[in-house]
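Residue numbering restarts at 1 for every chain, and letters A, B, ... go by the order of the sequence lines. Heavy-atom basis, side chains included; hydrogens, waters and symmetry copies ignored.
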There are 2 protein chains.
Amino acid sequence: MVTMQDVARRAGVTKQTVSNVVTGRIAVRPVTAARVRAAIDELGYVPNLVARSLATGSTRTVGLFVPTVGTAFYADLVEEAEDALDEHGHHLLLCTTRQNGDRARRHLAGLTSRSVDALLIAGDQDLSDHLPLLSEARFPVALCAWEADAPEQFPMVTVDYEEGGHLAGRHLRDLGHEHVAILASPAHTRRVEGFRRAFAETGRPLPDNAVHLAHEPSYHGGFDAAGTALAATPGVTALFATHDVLAVGALEAARVAGRSVPDDLSVVAYDDCPAGPSSRPALTSVVLPRRRMAREAVALLLDAAGGEEPLPRHRMLPPELVVRNSTGRARPGHAAPR
Amino acid sequence: MVTMQDVARRAGVTKQTVSNVVTGRIAVRPVTAARVRAAIDELGYVPNLVARSLATGSTRTVGLFVPTVGTAFYADLVEEAEDALDEHGHHLLLCTTRQNGDRARRHLAGLTSRSVDALLIAGDQDLSDHLPLLSEARFPVALCAWEADAPEQFPMVTVDYEEGGHLAGRHLRDLGHEHVAILASPAHTRRVEGFRRAFAETGRPLPDNAVHLAHEPSYHGGFDAAGTALAATPGVTALFATHDVLAVGALEAARVAGRSVPDDLSVVAYDDCPAGPSSRPALTSVVLPRRRMAREAVALLLDAAGGEEPLPRHRMLPPELVVRNSTGRARPGHAAPR
DNA sequence: CTGAAAGCGCTTACAG
DNA sequence: CTGAAAGCGCTTACAG
């Protein structure tokens, strides 16, 4: 391995000067700098970042916790975070927590001993119980894609999940739907709240039993929940699924039940995934600015790593409703009498 | 930050002894060890891995290059690699190359200066042109999920892509299909070769124009290619898509063309993705042992990082055909005369 | 089994 | 603008 010392010798200077031209921290006379650079090229010198890290305390590496990388949402988030990090010369240490508390804990220890500059935690599904542990982290921590109650102590950029639900509800309401069912994953309380609000604010709140919990966040979970919902209340004219995969299952359940979408039944989804636009019919869905969120979260994190107090500490990005072909006007004939 | 020296002072020993109990490299008298461990707990000492890395030369960190993390195949591969790495106390530096040669190159430099122990490159889509660069890597490199010609110099574990195509072809052939079309991504040459072989070996090779290239590896790419294929040769009774997403698009194209699957048309896919089992009808598909592949690749890589020569250097895992509901017997009525 | 010394490759004040 | 010295927190022979 060729070292800074080797370059110095070759260029006829001291290694301190080499360090100066490499880091650019202190200006070096142009002729000298050129000689040093030539020596670097000739020798193929590559700075040893672990030595630099030991001296400076910074590794230019950040950790990223995500529940999984197997959904379009988190896959996009990871890729965008990586891009943003790359632009700042940082690298990414990935940990997919996958509902495994021990792994998360072990990784946290690993990140600590590796002296990462900061840690970004995306998604609150797995980490809620580890929050106390995080207060002891020796590096800045930031949160993103957080749907549950946000711990005040960490900077965060997230999405207005509740407003997303509200958009979905208002859309259905404006289309004249009165009898609707909700297919929800247990963690999606905000989305459900927002959806309910859309109906409550016109004086027609949804009944408690409008919600049907999916036993798993998958096609089958959606299929089963939709089947139950349709059987329980035949008068239902619209379905709100708190996640796209649930909606795809719901589409099939509708077909099995002899309901045609959107004529006999409207379906609105949440968290746009690739299957959404390409399913039949294409799903109307709440879409979250996940890439933008990842990018802003990284900026926040890097600010914190640089010792700056990020302001504002908590950002909330707005969702959007993309109307496609799975929703239409309520057809009175199908609504059960109140 | 509490250091080894602090622990030593507290325990009344020298830091060398602390090092010995932490690493376990040299045995320490039980009473002493206990005293040291107590001091570690009291002080909350965490070993500084970057200092250790500088001294030992090993970072217990490996790099992973994947084309993307946005498909089920690579998402699973990443998660499994992470698990396998975790079991060996290693961490994962992720780089999704996304057809961006500059990023890959920049990351390679980053990994070099960070002194990773090794690099795993999954997928040959983006890296083929960077191979020469890799020979200069200062750490072991291993390959996996490699469909193109394998560079001999690197250890590798991959899947028999050709045999996967052959399985698909034999399945269709055995079902009596004679007039088939192939919807392919340009890079999937092995899959196509294997598929052709299944027909050639019975003396009825497929015509050159049986292949229809998808303009992009997506639902739309599959939809368009299938539309073209069906229009070009109305006598076709079966479609082979070299990727699941293409097959999902093909399913819709079949519907538009008034062909019902599997009665009027059989469709077989490749590279099982979640949409496969849940599409209508569920897709018959070639499935690759991606998790097993990731795991074996990590084992290979860690062997190499440990200085061992991995044997065998090249492993090829067998694919499987999962028969679901998108394939059935050829119905003579639909086949055009030869 | 324990202790004193040198070294890993860099950066950071501090004199010149 | 350049050079000599100390230090980042560990590990690794090497004596005792």
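With rounding to the nearest 0.5 Å, the separation of CZ in Phe65(A) from CG in Leu134(A) is 7.5 Å. Asn100(B) CG to Arg106(B) CZ: the interatomic distance, rounded to the nearest 0.5 Å, is 6.5 Å.
Taking atom CZ on Arg138(B) and atom C1' on dG9(C), their separation rounds to 13 Å, with Å as the unit. If you take CG of Asp6(A) and P of dC8(C), they are 11 Å apart, rounded to a whole angstrom. Rounded to a whole Å, the CG atom of Asn20(B) is 10 Å from the P atom of dT12(D). Following rounding to the nearest Å, Arg114(A) (CZ) and dC10(D) (C1') show an atom-to-atom distance of 15 Å. Separating the CG atom of Leu54(A) from the P atom of dG9(C) is a distance of 12 Å, rounded to the nearest angstrom. Distance, Ile40(A) CD1 to dG9(C) C1': 14 Å, rounded to whole Å. Note: CG (Leu49(A)) to C1' (dC8(C)) measures 15 Å, nearest angstrom. Between the CD atom of Gln5(B) and the C1' atom of dC8(D) there is a distance of 13 Å, rounded to whole Å.
Residues Arg35(B) and Val13(B) form a side-chain contact, since some pair of their non-hydrogen atoms from C-beta on lies under 4.5 Å apart.
Both distances falling under 3.5 Å, in either a Watson-Crick or a G-U wobble arrangement, occur for no nucleotide opposite dA13(D).
In this structure, Val18(A) and Ile26(B) both approach DNA chain C, and ranking their closest nucleotides by distance from the 5' end singles out Ile26(B).
The residue Thr23(A) sits close only to the backbone: its heavy atoms come under 4.0 Å of sugar-phosphate atoms, none of a base. Using a 4.0 Å heavy-atom distance criterion, Thr14(B) is classed as a base contact.
Residue Ser19(A) has no polar side-chain atom (N or O) positioned under 4.0 Å from OP1 or OP2 of dC10(C). Look at Thr32(A) and you'll find a side-chain N or O under 4.0 angstrom from OP1 or OP2 of dT2(D). The shortest distance between the side-chain N/O atoms of Arg52(A) and the OP1/OP2 oxygens of dT11(C) is below 4.0 Å. Contact annotation: Thr17(A) reaches the phosphate of dG3(D) (side-chain N/O to OP1 or OP2, under 4.0 Å). The phosphate of dT11(D) has neither OP1 nor OP2 within less than 4.0 Å of any side-chain N or O from Arg25(B).
Side-chain proximity of Lys15(B) to the nucleotides dC1(C), dT12(C), dT11(D) is greatest for dT11(D). Comparing dC10(C), dA4(D), dT11(D) by their nearest atom to the side chain of Gln16(A) picks out dA4(D). In this structure, of dT2(C), dC8(D), dC10(D), it is dC8(D) that holds the atom nearest to the side chain of Ala55(A).
One finds a salt bridge joining Asp149(B) and Arg190(B) here, because a Lys/Arg side-chain nitrogen approaches an Asp/Glu carboxylate oxygen to under 4.0 Å.
A donor-acceptor pair shorter than 3.5 Å can be found between the side chains of Glu82(B) and Thr96(A).
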